[in-house]
Structures are given as C-alpha cells and as structure tokens.
2 protein chains.
Amino acid sequence: MGRRNLHTREELAELALHEAAKLVDEGGVQALGMREVARRIGYTVGSLYMVFTNLDDLIVQVNERTVVQLRGSLEAAAARSREPARRLRLLCAAYLDFAQRHTQRWRMVFEHRLPAGQPAPPTYRGHTQAIFRLVAAALRDAAPARAGAPSRDTPEELAVVLWSAVHGVCMLAVTGKLGVSDTRASTRRMLDLLVDRFTSRG
Amino acid sequence: MGRRNLHTREELAELALHEAAKLVDEGGVQALGMREVARRIGYTVGSLYMVFTNLDDLIVQVNERTVVQLRGSLEAAAARSREPARRLRLLCAAYLDFAQRHTQRWRMVFEHRLPAGQPAPPTYRGHTQAIFRLVAAALRDAAPARAGAPSRDTPEELAVVLWSAVHGVCMLAVTGKLGVSDTRASTRRMLDLLVDRFTSRG
DNA sequence: ACAGGAATTGAACACCGATCAATAAAATGC
DNA sequence: GCATTTTATTGATCGGTGTTCAATTCCTGT
C-alpha cells in the first residue's frame with residue numbers, strides 16, 4: 001500500500017498515544033510495544049517511526065499526558081476547598097485516587113528510565129512544579145493560622161518534603177511492596193495521619 | 001565442551017548473582033541480560049538455566065540479596081544509638097546512604113514487576129517487616145518521652161507511614177524526579193525535617 | 001575399563017525495536 | 001487531463017533478546 005492520507009501526522013500521533021496509554025493501563029509498561037500499538041491503530045511499525053523517534057519517545061509522550069492529567073486532577077481537588085488543612089487532605093486523596101485508577105501509567109511516569117543521555121523534556125518540570133506549588137500554597141495558607149513562632153522552613157521546601165512523602169506512601173501502597181494490607185481506606189488513613197503530623201506544627 | 005565440574009551449582013549461582021548485581025549497579029536493570037551474565041562468568045546461557053528458572057528468577061534473587069544487605073545496614077545504624085530520636089535520624093541517613101550508593105539495585109527492588117502471577121518470595125516480607133520493626137521500636141521508645149496525651153496510633157502503623165514517607169523522599173531524590181536540586185546534604189535536611197515534624201507530637 | 005548419568009554447549013525459535021528500499025497514491029505543474 | 005514529483009506506507013530485514021533442547025563431552029560409580 002502506498003500513501004492513504006487517512007490521518008494527518010497529528011491524528012496518527014493522537015491515535016498511537018491513545019492506544020499506547022490503553023495498552024499500558026491494561027498490562028503495564030511490559031505490554032507496550034511498537035508492533036502492538038501499530039497493529040491496534042491499523043498501521044505498521046514503520047509509520048510509527050514517522051511520528052516518534054523511538055519507543056522511548058512514545059513512552060515519554062504518554063508520560064507527559066499522564067502528568068498533565070494528574071495535574072488537572074489535583075487542581076480540581078484543590079479548588080474544592082479554601083480551608084488549607086482540608087485542601088491538603090483533598091490533594092492527598094486526589095493523588096492516591098489517581099495512582100489507584102491509573103496505576104500502570106502512573107508508575108511508568110516515575111519508573112521509566114531514558115537511556116543515559118538527556119533528561120525528561122522541560123514541560124515535565126513545569127507540571128511537576130505546578131503540583132508542588134499547589135501544595136506549597138496550601139501549606140502557606142495553613143501556616144499563618146498557627147500563630148507564634150513562624151517556621152524557618154519555607155512552604156516550598158515543606159511542600160517538596162511533604163509531597164515526596166505522600167508519593168512514597170501511595171507508591172508503596174499501590175505496588176503492594178508494603179507487605180501489609182493495602183486497602184483503599186487504610187491508605188487514606190495513612191495519608192491523613194501523615195498530613196496531620198506534618199502540619200501539626202507550623 | 002561437556003561437563004567440567006569446575007563449580008558446584010551453588011558456586012555457579014553465587015558467581016552469577018554476584019556478576020548480575022555488578023551489572024545492575026553499572027547500568028541499571030536494562031544492562032542485565034542472561035547472555036551477558038553468562039559471558040562474564042565464563043559459561044553460556046544454557047548453564048544459567050540449570051540454576052535459575054528464568055531472568056525474573058535471577059532478578060528476584062538479586063533483589064533478595066539487596067534487601068538483606070539493606071536490612072543489615074539499617075540494623076547496624078540502629079545499633080549506633082539508644083536515644084530514639086537520634087536513632088531515627090541514623091536510620092534515615094543509612095537508608096538514604098544505601099539508596100545513593102546502590103541506586104540501581106535499590107531501584108530494581110521496588111520497580112521490578114514480576115509477570116502477573118505470584119508475588120515476591122516470602123523471605124522478602126520477612127526482611128521488609130524487620131525493617132519496619134526497627135522503625136517501630138524507635139518510635140515506641142520515643143513516644144513515652146512526650147508525656148501527656150498518648151497517641152491513638154500504634155507505633156507499627158506510624159512506622160509504616162513514616163518509612164513509606166522516607167522512602168518516597170529518597171526515591172524522588174535519587175531518581176531526580178523532583179525537578180529540584182538533589183544534593184546529598186539537602187536530601188538529608190529534608191529527611192530530618194520529615195522526622196522532626198513527624199515525631200514532634202507523640 | 002566400562003556404562004550411565006550429568007554438566008555444558010551451541011544452534012535453534014520466537015519475539016522485540018529499529019531501519020530502509022520499494023511501492024503506491026496523492027499533490028503539483030503544465 | 002496527463003506526466004512528474006513528492007510523500008505516506010509497507011514489508012522485508014538486521015541485530016538483539018530470553019528461552020529451549022538435542023547433541024556432546026566429561027565425570028563418577030562399579
């Protein structure tokens with residue numbers, strides 16, 4: 001077959017990314033292969049290489065979408081309450097919810113290694129930092145409430161620490177590496193406990 | 001070549017596991033392959049399959065050793081102080097140190113997926129729980145010091161939360177997914193901050 | 001010394017990501 | 001409307017992987 005022009009390059013990329021994401025959700029990174037993606041969108045491998053430089057590129061672009069989606073979920077959660085402490089808890093719940101609903105894609109974001117060379121695309125950092133800013137804002141709003149000795153630590157630093165911690169709890173819970181019961185409810189309790197302890201002194 | 005009997009099965013496994021660990025340390029999971037391991041220990045692939053059922057089996061056994069080594073490091077750290085708060089900080093420092101020294105092998109422990117079927121071997125859980133017990137013990141020792149209202153949360157629950165949090169900080173720091181500066185010193189500060197906040201109310 | 005068994009190999013298989021000449025259809029010029 | 005150029009698409013191909021297994025070669029017990 002020669003050229004068909006059924007889809008533009010953008011459409012082809014869209015199809016591929018969509019199907020790739022589905023593939024990952026179904027069977028983890030391991031299930032993601034160029035041939036399988038091509039088959040599912042009705043093309044052959046060669047066509048994918050017109051749009052993606054290689055498999056890593058495809059993965060990075062899927063990850064980028066996942067991060068955008070995650071950021072959206074967290075922003076929606078943050079908008080649901082003006083009360084800082086409650087907002088933090090909503091953020092945690094949203095993060096855990098996302099990790100549990102899109103476990104495979106979420107893991108891929110954090111576990112994929114790109115080969116030796118250069119780092120993730122700059123847009124990654126943008127979204128990551130936006131997430132940190134959501135947490136930092138909540139922490140900043142929470143801090144003045146506790147009068148008295150103001151903390152030496154900036155909300156930005158605190159946000160990084162707190163969110164890394166939340167991330168760790170979600171990751172171990174979701175991957176079952178805790179060796180303990182990992183019910184949805186118990187994990188939420190753990191997160192509440194973490195935030196409680198973390199914010200109990202400003 | 002026929003049988004040589006240069007090594008017993010155990011020795012062969014030992015050689016393979018040792019070289020596999022080195023391979024991972026050098027180039028991550030990606031660098032670990034049956035053929036390469038075989039080449040390095042002076043055998044061919046076939047021989048490896050006398051000792052390991054497949055690559056996943058090899059990986060799991062490398063991971064098991066890593067976990068044992070990690071547990072040893074943490075136990076040594078815990079033995080270095082009887083003062084609970086200080087002991088917690090030593091445990092954190094030891095964990096971070098291990099993650100930074102053996103980054104690739106450490107990541108493999110948490111990131112490796114074994115295919116669909118059964119979970120990690122039971123010895124895994126044993127060591128994992130031993131680690132949690134170290135943390136729980138320190139927390140238990142720390143709790144009575146703060147008199148007044150005793151916490152409703154058991155030290156075991158607290159240990160799981162705290163250690164998951166510590167794990168998250170170490171992981172994001174070590175993999176550079178934070179998007180912020182990830183110097184050794186700053187990460188240790190983050191861990192101290194986390195433990196501080198976490199234990200400031202018993 | 002011999003037979004039986006066990007260790008070791010190397011070729012094979014099926015799959016993967018990646019490349020690229022060949023091809024067929026659309027786009028363009030006339 | 002026809003010829004030419006351009007471009008999308010294919011499918012065969014390459015080197016690599018994990019895995020299997022018949023064949024080989026040596027050790028071991030008698």
Side-chain angles (χ1 to χ4, degrees), chain A residues 1-17 19-21 23-24 26-63 104 108 111-118, chain B residues 1-17 19-21 23-24 26-63 104 108 111-118:
Chain A
M1 224 185 294
R3 66 187 284 177
R4 288 185 280 158
N5 274 25
L6 285 185
H7 306 100
T8 67
R9 275 160 188 267
E10 286 76 23
E11 287 170 337
L12 210 162
E14 174 59 42
L15 284 173
L17 286 172
E19 218 60 33
L23 223 45
V24 173
E26 290 166 13
V29 211
Q30 324 206 18
L32 179 56
M34 294 298 259
R35 282 180 158 89
E36 183 60 18
V37 170
R39 202 186 60 76
R40 291 209 184 189
I41 64 176
Y43 281 83
T44 53
V45 256
S47 298
L48 282 184
Y49 284 91
M50 292 190 344
V51 177
F52 305 99
T53 69
N54 51 32
L55 180 61
D56 275 323
D57 183 29
L58 208 184
I59 291 181
V60 165
Q61 292 198 37
V62 171
N63 280 349
Q104 301 297 336
M108 192 168 79
E111 295 177 358
H112 178 249
R113 297 151 151 84
L114 32 115
Q118 244 70 321
Chain B
M1 224 185 293
R3 67 187 285 175
R4 291 186 275 158
N5 275 22
L6 286 185
H7 306 99
T8 67
R9 275 160 187 270
E10 286 74 23
E11 287 169 337
L12 210 162
E14 174 60 41
L15 284 174
L17 287 172
E19 217 60 34
L23 222 44
V24 173
E26 289 166 13
V29 211
Q30 326 206 16
L32 179 56
M34 294 297 258
R35 283 181 160 87
E36 182 62 17
V37 170
R39 203 186 59 74
R40 291 208 184 189
I41 65 176
Y43 281 84
T44 53
V45 256
S47 298
L48 282 183
Y49 284 89
M50 295 192 340
V51 178
F52 306 99
T53 69
N54 50 32
L55 180 61
D56 275 324
D57 183 29
L58 208 184
I59 291 180
V60 165
Q61 293 198 36
V62 170
N63 281 349
Q104 302 296 337
M108 191 167 80
E111 294 176 358
H112 179 250
R113 296 151 153 84
L114 34 114
Q118 244 71 319

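Lettering of chains follows the sequences in order, A, B, ..., and the numbering in each one begins at 1.
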Please report the C-alpha distance between Leu12(A) and Leu48(A) in whole Å, then the side-chain angles of each, then the deciding distance to 0.1 Å, and finally whether the side-chain contact (heavy atoms from CB on, under 4.5 Å) criterion is met.
CA-CA 8 Å; Leu12(A) 210 162; Leu48(A) 282 184; 4.3 Å; yes
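- Looking at every heavy atom in both residues, Val37(B) comes nearest to Leu32(B) through CG2-CD1, 3.6 Å.
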Given Arg40(A) and Leu23(A), is the side-chain contact (heavy atoms from CB on, under 4.5 Å) satisfied, shown in steps?
CA-CA 10 Å; Arg40(A) 291 209 184 189; Leu23(A) 223 45; 3.0 Å; yes
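- Contact between Gln104(B) and Val24(B) at its shortest, heavy atoms only, is CB-O, 3.1 Å.
- Regarding Arg3(A), its CZ atom lies at a distance of 7 Å from the C1' atom of dT6(D), rounded to whole Å.
- If Arg35(A) and Ser47(A) are placed on DNA chain D by their nearest nucleotide, the residue sitting closer to the 5' end is Ser47(A).
- Using a 4.0 Å heavy-atom cutoff across all strands shown, Gly46(B) reaches at least one base atom of the nucleic acid.
- In this structure, CG of Leu23(B) is placed 11 Å from P of dT17(D), rounded to the nearest angstrom.
- Between Ile41(B) atom CD1 and dT8(C) atom C1' the separation is 12 Å, expressed in whole Å.
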Carefully, step by step, assess Asn54(A) and Met34(A) under the rule side-chain contact (heavy atoms from CB on, under 4.5 Å).
CA-CA 9 Å; Asn54(A) 51 32; Met34(A) 294 298 259; 5.8 Å; no
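- Smallest separation of non-hydrogen atoms from Asp57(A) and Phe52(A): OD2-CA, 3.3 Å.
- Counting to the nearest Å, the C1' atom of dT17(D) and the CG atom of Leu48(B) are 14 Å from each other.
- Of all the residues in residues 49-63 of chain B, Met50(B) reach under 4.0 Å from DNA chain C with at least one non-hydrogen atom.
- If you take CZ of Arg39(B) and P of dG18(D), they are 13 Å apart, rounded to a whole angstrom.
- One can place OH of Tyr43(A) at 12 Å from C1' of dT10(D), the figure rounded to the nearest angstrom.
- Side-chain contact check for Met108(B) versus Val62(B): some heavy-atom pair is nearer than 4.5 Å.
- Taking atom CZ on Arg4(B) and atom C1' on dT9(C), their separation rounds to 9 Å, with Å as the unit.
- Of the residues in residues 5-15 of chain A, those placing a heavy atom less than 4.0 Å from an atom of DNA chain C are Asn5(A), in numerical order.
- Nearest approach of Ala38(A) to Val45(A), heavy atoms of both residues: CB-N, 3.7 Å.
- Side-chain atoms of Glu11(A) come within 3.5 Å of backbone N or O of Thr8(A) as a donor-acceptor pair.
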